[in-house]
Amino acid sequence: MTSSTDLPVNRPDITIFHNNRCSNSRGALALLREHGIEPNIVDYIATPLTAPELAELVAHLGVPVRELLRTKEAQYQDLGLGQPAVSDAQIFAAVAAHPVLLNRPIVVTPKGAKLCRPPELVLELL
């Protein structure tokens with residue numbers, strides 16, 4: 001950690017896809033700040049990602065899109081997203097329309113991208 005007089009350094013090359021209502025998301029952001037990093041914060045609930053942006057993010061993460069879904073959200077059940085016949089494109093469209101379906105926080109740094117649940121996983125990206 002930097003000294004208490006040092007302010008976090010703006011790091012536009014580090015992005016957190018953040019939901020302030022989520023304790024894991026707040027925890028990951030706090031860890032970044034404790035390490036002297038002020039990341040680019042994307043409040044994806046207020047400004048939802050488009051389906052193409054989501055596809056690009058998932059490709060960067062290198063995981064199936066289904067791994068990023070919040071399966072306990074009502075919209076997940078309402079939209080039938082657990083059905084095997086639902087395509088990735090349909091999932092991207094659903095998450096673009098209902099951003100609460102996206103699991104968080106997702107952190108992107110020059111070292112890679114990761115779903116940071118638990119928040120301490122963010123340290124692997126520093």
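Atoms considered below: every heavy atom in the structure, side chains included; atoms not considered: hydrogens, waters and symmetry mates.
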Please tell me whether Ile41 and Tyr44 are part of a single hydrophobic cluster in this structure, the criterion being side-chain heavy atoms less than 4.5 Å apart. no
The complete set of side-chain hydrogen bond (donor to acceptor under 3.5 Å, both in side chains) pairs with one or both residues in residues 51-65, sequence neighbours excluded, reads Thr50-Glu53
Rounding to 0.5 Å, atoms CD1 (Ile37) and CG (Leu32) come to a distance of 5.5 Å
When rounded to the nearest 0.5 Å, the distance separating CG of Leu123 from CD of Glu34 is 9.0 Å
Across all chains, not counting sequence neighbours, the salt bridge (charged side-chain N to carboxylate O under 4.0 Å, His left out) partners of Glu120 are none
Any salt bridge between Glu38 and Arg33, counting N to O under 4.0 Å? yes
Minimal heavy-atom distance between Leu79 and Ala94, with the atoms involved, is CD1-CB, 4.0 Å
Between Asn24 and Pro105, is there a side-chain heavy-atom distance shorter than 4.5 Å?
yes
Interatomic distance, NZ@Lys72 vs CD@Gln77, rounded to 0.5 Å, equals 11.5 Å
*Should Val122 and Ile16 count as side-chain neighbours, where that means a heavy-atom distance under 4.5 Å?*
no
N/O donor to acceptor pairs below 3.5 angstrom from side-chain atoms of residues 107-119, sequence neighbours left out:
unit_1: Thr109; atom_1: OG1; unit_2: Lys111; atom_2: N; d: 3.0
unit_1: Thr109; atom_1: OG1; unit_2: Leu125; atom_2: O; d: 2.9
unit_1: Lys111; atom_1: NZ; unit_2: Leu126; atom_2: O; d: 2.5
unit_1: Lys114; atom_1: NZ; unit_2: Glu124; atom_2: OE1; d: 3.1
unit_1: Arg117; atom_1: NH1; unit_2: Arg104; atom_2: O; d: 3.0

The reported gap from CG in Asp88 to CZ in Arg66 (rounded to nearest 0.5 angstrom) is 7.0 Å
* To do: May I ask you to decide if Gly36's main-chain N or O and Arg11's side chain share a donor-acceptor pair within less than 3.5 Å?
  => no
To the nearest 0.5 Å, atom CG of Leu68 lies from atom CZ of Phe17 at 11.0 Å
Quiz item: Linking I/L/V/M/F/W/Y whenever any side-chain heavy atoms sit under 4.5 Å apart, do Leu31 and Val9 land together?
Solution: no
- request: Give a yes or no answer on whether the side chain of Arg70 reaches the backbone of Asn103 with a donor-acceptor pair at less than 3.5 Å.
  value: no
CD of Glu73 to CG of Leu102, rounded to nearest 0.5 Å, is 10.5 Å
message: Is there a side-chain contact between Thr47 and Val42 in this structure, where contact means two heavy atoms from C-beta onward sitting under 4.5 Å apart?
response: no
Find out if a path of hydrophobic residues (ILVMFWY) with successive side-chain heavy-atom gaps under 4.5 Å connects Ile106 to Leu29. no
* Spell out, yes or no, whether Ile14 and Leu61 are grouped together once hydrophobic residues are joined by side-chain heavy atoms under 4.5 Å, including indirect joins. => no
